[in-house]
Amino acid sequence: MGSKEMAALIAKDVIALAREAKVTMIDLKFMDFVGIWQHFSIPVSELSEEIFEEGLGFDGSSIRGWAAIHASDMLVIPDVTTAVLDPFMKHPTLSLICNIFDPITKEAYSRDPRNIAMKAERYLQGTGIADTAYFGPEPEFFIFDEIRYDHGPNHAFYKLDSVEGQWNTGRDEPGGNLGYKPRYKEGYFPVAPTDSQQDIRTEMCLVMEQVGIRVERQHHEVATAGQAEIDIRFNSLVKSADQLQWFKYIVKNVSHRHGKTATFMPKPLVGDNGSGMHTHMSLWKQGKPLFAGDGYAGMSELALWYIGGILKHGPALAAFCNPTTNSYKRLVPGFEAPINLAYSARNRSAAVRIPMYSPSPKSKRMEFRSPDPAANGYLAFAAMLMAGLDGIENRIDPGEALDKDIYGLSPEELRDIPKMPGSLDEALEALRRDHEFLLKGDVFTEDVIRIWIDSKMDKEVTPSRMRPSPMEFALYFDI
């Protein structure tokens, strides 16, 4: 049976699933260039096998970073393997993740993040180094009771609130203020009633399992005011990026269901921990782990070369792994942030850590600690893989492990350790200088790199530079 016949067979299964579940709508989800899911829906009566081959047309000119108005026609083609019932819609809805194609050439669209991730997987297989790259992201997030913000020519403000916020210990609250609010930097792991969001996180886990995500654990994170983490099982690159989108969708919708709001913004609070997305990676070939060996921390030479590639290209990776101006309010020297481009089995201030929880060769992996959950998973994971493969292909030595207490090092010793960029514009400039490794196998293109840099500079960096902040008024108004 050929690939077209197999695809048709699977398409028939999807249509049968829709009928069995008495679905009324088909929701077609796809990723914009920046990293937010977009969608449109069709009645189940419009679902046919042809859609999975020919796709459906839409106007791509309004999608951020995509085609101009004169070349805006696009096709979405659903991936039959992604069919799942949407857990939040009132009317039974079948959700499908889609790939984007050019309607004229019928080629995959070069700026579609999912297409880029798929090309990265194909490039890996083409190298012969490995056949599978596993990714295990750990996205942290905040659950707030309220968010208000606004700005204009003569004003700007934001206001966050949470019943858990330590700043609310003296507030009058309905029924009386009962206390039990996590202290700053003490949100890791108090039980209820201090941890007031156990049931909400459990509900998130249960919904994740409904859509096929394997949950490993959930807990309150370090910060006050509802910082949380839910750890999910690792998966192959594209599937892991798909799961990250479902993860964000579920966290936000369960929070909304409870009258709360969730954010993956890296640093919403000053003076407390921000949200990271530590990302675990390993390479496998024919069912065997390639990162286990007799080197440092039980790692193979290949694994250390992979780490060498991540460290060498770390500043450029930041443009995709820490893609907002807010990201760099988390990556600040002197605050336990993973800004040091070094590796260690224990030092959590190093950008790369080698977890030592288990001696099993299957558990051998590296953990890149600098990324944050504002990242577009498809682009970030693809870029990380390409950096690691460049390390292997060029046998990049990661140097000596950083096992010293980073806070006990002298300024002279610290000066010799490379650092992650200190701002988004620094990261974008690093990407501008160092992106040849991303172009291998046409995984990323010069057009993708250019439009990413230009759009980030024009839409985020420059407007942020131009706007006064409340802190600046506190510092300088009376000068």
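Only this structure's heavy atoms are used, side chains among them; waters, hydrogens and symmetry mates stay out. None of these values were measured; they are calculated from a predicted model. Positions are given from 1 along the sequence.
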In terms of side-chain heavy atoms, does Ser196 have a donor or acceptor partner in Glu164 at a distance below 3.5 Å? yes
Would you please name every residue forming a side-chain hydrogen bond (donor to acceptor under 3.5 Å, both in side chains) with Asp272, sequence neighbours left out? none
Could you tell me if the side chain of Pro373 sits less than 4.5 Å from the side chain of Phe141, heavy atoms only? no
Tell me, please, which residues at least two apart from Glu400 pass side chain to side chain contact (heavy atoms under 4.5 Å, CB included). none
Pairs flagged by salt bridge (Lys or Arg N to Asp or Glu O under 4.0 Å) wherever residues 238-248 is involved - sequence neighbours left out: Arg114-Asp242
Test salt bridge (charged side-chain N to carboxylate O under 4.0 Å, His left out) on Arg148 and Asp161 and set out the steps. CA-CA 9 Å; Arg148 291 184 289 125; Asp161 210 358; over 6 Å; no
Taking the six-membered ring where the residue is Trp, are the ring centres of Phe291 and Trp284 under 6.0 Å apart? no
Between Tyr188 and His220, does a ring-ring contact (aromatic ring centres under 6.0 Å, His included) hold up when you go through it step by step? CA-CA 6 Å; Tyr188 197 81; His220 203 290; 9.3 Å; no
Side chain to side chain contact (heavy atoms under 4.5 Å, CB included) against Ala382, all qualifying residues, sequence neighbours excluded: Ile116, Ala120, Phe444
Do any pairs count as a side-chain hydrogen bond (donor to acceptor under 3.5 Å, both in side chains) and have a residue in residues 288-301, sequence neighbours left out, and if so which ones? Tyr296-Asp403
For Leu237, does its backbone N or O pair with a side-chain atom of Ser240 as donor and acceptor, under 3.5 Å? no
We want to know whether Ser360 and Ser363 form a side-chain donor-acceptor pair, criterion being a heavy-atom distance below 3.5 angstrom. no
Under the salt bridge (Lys or Arg N to Asp or Glu O under 4.0 Å) definition, can you give me all pairs with a residue in residues 212-230, not counting sequence neighbours? Glu216-Arg233
With rounding to the nearest 0.5 Å, note down the distance linking CD in Glu460 to CG in Asp425. 11.5 Å
Under the rule for side chain to side chain contact (heavy atoms under 4.5 Å, CB included), what residues qualify as partners of Asp447, not counting sequence neighbours? Ser110, Arg111, Thr445, Arg450
In the structure I gave you, are the side-chain heavy atoms of Met386 and Tyr123 within less than 4.5 Å of one another anywhere? yes
Using salt bridge (charged side-chain N to carboxylate O under 4.0 Å, His left out), reason through Arg257 and Glu203 one step at a time and then give a plain yes or no. CA-CA 11 Å; Arg257 181 186 282 171; Glu203 185 176 331; 2.6 Å; yes
Going by heavy atoms in the side chains, are Leu283 and Leu302 under 4.5 Å from each other? yes
Is it the case that the side chain of Gln210 and the backbone of Pro87 share a donor-acceptor pair, with hydrogens and angles ignored and the cut-off at 3.5 Å? no
Kindly state each residue pair satisfying salt bridge (Lys or Arg N to Asp or Glu O under 4.0 Å) with at least one member in residues 359-369, sequence neighbours excluded. Arg353-Glu367, Glu367-Arg369
Working to the nearest 0.5 angstrom, can you tell me the gap between Thr263 OG1 and Ile147 CD1? 8.0 Å
Taking salt bridge (charged side-chain N to carboxylate O under 4.0 Å, His left out) as the definition, give me every residue that meets it alongside Asp434, ordered by chain and number, with sequence neighbours left out. none
Verify the neighbour count for atom CZ of Arg183: are there more than 12 heavy atoms of other residues, nucleotides or ligands below 6.0 Å? no
Verify the neighbour count for atom NE2 of His256: are there more than 12 heavy atoms of other residues, nucleotides or ligands below 6.0 Å? no
Tell me the salt bridge (Lys or Arg N to Asp or Glu O under 4.0 Å) pairs involving residues 131-142, sequence neighbours left out? none
Quick check: do Val251 and Phe264 have side-chain heavy atoms less than 4.5 Å from each other? yes
What residues, two or more places apart in sequence or in another chain, satisfy salt bridge (charged side-chain N to carboxylate O under 4.0 Å, His left out) together with Glu446? none
Is the ring centre of Phe101 less than 6.0 Å from the ring centre of Tyr109? no
Determine yes or no for a side-chain-to-main-chain donor-acceptor pair under 3.5 angstrom, with Asp112 supplying the side chain and Ile100 the backbone. yes
Which residues satisfy the side-chain hydrogen bond (donor to acceptor under 3.5 Å, both in side chains) test with Trp37, sequence neighbours excluded? none
Should Lys267 and Asp372 count as an ion pair when the cut-off is N to O under 4.0 Å? no
Trp305 side chain vs Leu389 backbone, donor-acceptor pair below 3.5 Å: no
With a 6.0 Å cut-off on ring centres, are His280 and Phe135 close enough? no
Might you confirm whether atom OH of Tyr158 has over 12 heavy atoms from other residues, nucleotides or ligands at distances under 6.0 Å? no
Is any side-chain heavy atom of Thr261 closer than 4.5 Å to a side-chain heavy atom of Ile143? no
List the steps and the verdict of ring-ring contact (aromatic ring centres under 6.0 Å, His included) for Phe58 and Phe30. CA-CA 12 Å; Phe58 74 102; Phe30 58 96; 5.0 Å; yes
Quiz item: cation-pi between Lys29 and Tyr249, 6.0 Å / 45°: yes
Check whether more than 12 heavy atoms from other residues, nucleotides or ligands sit under 6.0 Å from atom NE2 of His39, and answer yes or no. no
Which heavy atom in Leu431 sits nearest to a heavy atom in Ala319, and how many Å separate them? CD2-CB, 3.7 Å
Regarding Gln218 and Thr202, do their side chains bring together a donor and an acceptor under 3.5 Å, going by distance alone? yes
